[in-house]
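The structure appears right after this line, and notes come after that.
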Protein chains: 2
Amino acid sequence: MVVQGAQVVGRVAALLRLVGRKPEGTSLAGLVRESGLTRPTVHRLLASLAAEGFLEHDSSSGKWVLGPEIFLLGSVAAARFPMEDIARPSLRRLATETGESAFFSIRRGNETVCVLREEGSFPVRSFVLHEGVRFPLGVASAGTAILAFLPAEEQEALLAEWAEHAGDFSDGHPADVVRENLEQTRLAGYSVNPGLILEGSWGMGAAVFDQQGRPAWALSLTGIEPRFRPERQEYLGKLLLEEAHRMTARLQGTS
Amino acid sequence: MVVQGAQVVGRVAALLRLVGRKPEGTSLAGLVRESGLTRPTVHRLLASLAAEGFLEHDSSSGKWVLGPEIFLLGSVAAARFPMEDIARPSLRRLATETGESAFFSIRRGNETVCVLREEGSFPVRSFVLHEGVRFPLGVASAGTAILAFLPAEEQEALLAEWAEHAGDFSDGHPADVVRENLEQTRLAGYSVNPGLILEGSWGMGAAVFDQQGRPAWALSLTGIEPRFRPERQEYLGKLLLEEAHRMTARLQGTS
DNA sequence: AGATTTCATCCACATTATGGACAGCATCCA
DNA sequence: TGGATGCTGTCCATAATGTGGATGAAATCT
């Protein structure tokens with residue numbers, strides 16, 4: 001998987017992903033911490049990425065943010081990944097129908113990345129999840145919904161080295177809790193995150209399947225605990241599954 | 001401008017831009033030609049970019065295309081560059097009103113990059129311009145409209161080394177023709193490209209200005225020569241200027 | 001005003017990326 | 001059928017490239 005003689009490419013990619021996590025930008029020190037690289041190296045790579053227009057350095061805040069070239073390349077790439085067109089209507093329906101915030105996440109390797117958000121009308125909202133945020137598979141409702149429907153051996157591979165895979169999240173997500181959660185998800189069809197990431201901040205998710213029948217994306221809803229009591233879960237789950245089925249059908253149909 | 005000790009970053013950036021030019025993808029050999037790098041180097045960089053998800057290698061066609069990570073980062077970056085929301089309505093109006101195809105391009109250094117397209121109803125369409133295509137400033141109607149309203153010294157800097165700047169386009173665009181064209185553009189407010197890139201394929205453009213009053217974007221229309229006769233140019237130019245003014249006002253107002 | 005944290009830059013060193021060379025496939029043509 | 005052409009993928013000795021410890025300046029906190 002790893003290509004010889006391209007160390008920097010990996011480092012650059014990691015830095016771009018880290019910067020992309022926070023729309024408001026990240027400081028040099030933060031990136032040094034999160035990347036594990038030395039400061040001079042991070043600084044040089046950031047500066048050269050900025051010279052290429054892939055990043056920008058907000059001189060007032062000193063933070064680094066994604067630059068115009070990323071936006072431009074992204075617009076071109078979006079033609080091959082018409083997620084916006086396909087997912088947005090479902091998100092709108094979910095958000096207006098339930099009042100919660102609705103999200104569309106995409107699987108990328110052993111992570112999920114949140115791509116789209118649609119705010120609900122309910123006045124208390126959680127900001128744990130937003131565009132660009134990444135979670136390890138099995139963490140958060142979207143990643144649980146996806147992991148639950150991956151081939152058993154892939155699930156086992158991740159669970160076998162769970163602490164390493166889940167990183168900072170392994171504290172709040174012990175492997176046995178996750179196992180139980182995946183089992184529940186397979187039974188119900190949808191996943192429930194009972195505030196495991198942030199107390200009181202609940203979520204539910206349902207997987208969307210690609211043409212090969214693999215769970216590649218997920219729809220999810222987030223909100224506060226009182227809005228996710230058991231009696232309402234069934235209703236929310238039904239809505240999520242409905243929209244997930246609709247998207248899956250649409251994606252099977254295309255091409 | 002160029003950062004020391006970051007050769008690869010520049011190379012990677014150049015390759016990504018080259019790949020982004022053609023939505024259908026580019027072959028290794030093509031990228032070797034266009035980048036001026038050696039084949040092993042290009043291959044290694046492409047392979048490692050693909051391992052990171054920044055590119056994908058279509059194994060049937062053997063071509064390299066932009067990958068999912070670019071799409072994901074692009075979605076995050078799009079929040080800082082809300083061009084779609086602001087430009088799309090103007091493009092719609094231009095396309096429906098005129099029947100020609102309408103485009104929105106953005107200035108990036110000494111180039112313009114086409115970001116958005118809206119097809120017109122007229123059944124003969126040119127495909128010289130599409131999302132991701134880059135032209136040197138002063139080439140094509142969008143780049144002419146922008147260049148014409150840059151500070152005189154910046155214009156002169158480019159015209160002074162025109163052959164180098166315009167590259168392959170310098171044949172069809174001699175410096176004195178461009179100078180005359182810029183003059184005309186300043187007089188009329190809008191630019192006209194009388195089939196200089198491809199015979200019979202005409203275009204007209206108008207610049208959109210940022211908060212500092214600098215021409216940073218452009219709206220343009222393209223079509224075949226009979227649709228751009230002098231009597232119609234005035235009408236098309238008026239529409240372009242109207243929409244460009246509207247966008248400029250909207251952009252001044254925001255923030 | 002001293003302590004602490006963050007940012008920017010230098011430069012000797014060796015790790016890392018480079019590219020010439022080789023190998024494997026197609027396709028085309030004599 | 002053979003060999004000429006054009007493409008992709010890989011190896012590895014070489015040196016050019018990127019690295020990171022160290023230093024200093026600047027900003028922020030106590």
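Between A:Glu154 and A:Arg214 there is a salt bridge, since at least one side-chain N of the basic residue sits less than 4.0 Å from a carboxylate O of the acidic one. A salt bridge links A:Glu69 with B:Arg17: the distance from a Lys NZ or Arg NE/NH1/NH2 to an Asp or Glu carboxylate oxygen falls below 4.0 Å.
Considering only the side chain of B:Ala29, D:dC7 comes nearest among C:dG19, D:dC7, C:dC10. Listed nucleotides D:dG9, D:dC7, D:dG20 differ in distance to A:Thr38; the shortest reach to its side chain belongs to D:dG20.
For the pair B:Leu37 and A:Trp64, both in contact range of DNA chain C, the more 5′-proximal nearest nucleotide belongs to A:Trp64. Across the interface with DNA chain C, nearest-nucleotide mapping of B:Thr41 and A:Leu28 shows A:Leu28 to be the residue nearer the 5′ end.
Ring-plane geometry between B:Phe169 and B:Phe135 is classed as perpendicular, the angle between the planes exceeding 60 degrees on a 0 to 90 degree scale with a lower cut at 30. Aromatic ring pairs are classed by plane angle as parallel below 30°, tilted from 30° to 60° and perpendicular above 60°; the pair B:His43 and B:Trp64 is perpendicular. Between A:Phe71 and B:Phe81, the ring-plane angle classifies as parallel under the 30° and 60° cut-offs.
Residue A:Leu31 contributes atom CG, which lies 17 Å from atom C1' of D:dG20 at whole-angstrom precision. Atom-to-atom, CZ of A:Arg11 to P of C:dT15 comes out at 13 Å; the value is rounded to the nearest Å. If you take NZ of B:Lys63 and C1' of D:dC7, they are 13 Å apart, rounded to a whole angstrom. In this structure, CD of A:Gln7 is placed 7 Å from C1' of C:dT16, rounded to the nearest angstrom. Rounded to whole Å, atom C1' of C:dC7 lies 12 Å from atom CG of A:Leu46. Rounded to whole Å, atom P of D:dA25 lies 15 Å from atom CZ of A:Arg39. Rounded to an integer number of Å, the gap from A:Arg44 CZ to C:dC10 P is 13 Å. Atom CG of B:Leu45 and atom P of D:dT10 are 15 Å apart (whole Å).
For the residue pair B:Thr144 and B:Ser141, no side-chain donor N or O sits within less than 3.5 Å of a side-chain acceptor on the partner.
For C:dA8, one of the phosphate oxygens OP1 or OP2 lies less than 4.0 angstrom from a side-chain nitrogen or oxygen of A:His43.
Contact check of residues 15-26 of chain B against DNA chain D (heavy atom, cut-off under 4.0 Å) returns no residues at all.
For CG of B:Asp85, the number of neighbouring non-hydrogen atoms (other residues, nucleotides, ligands) closer than 6.0 Å is greater than 12.
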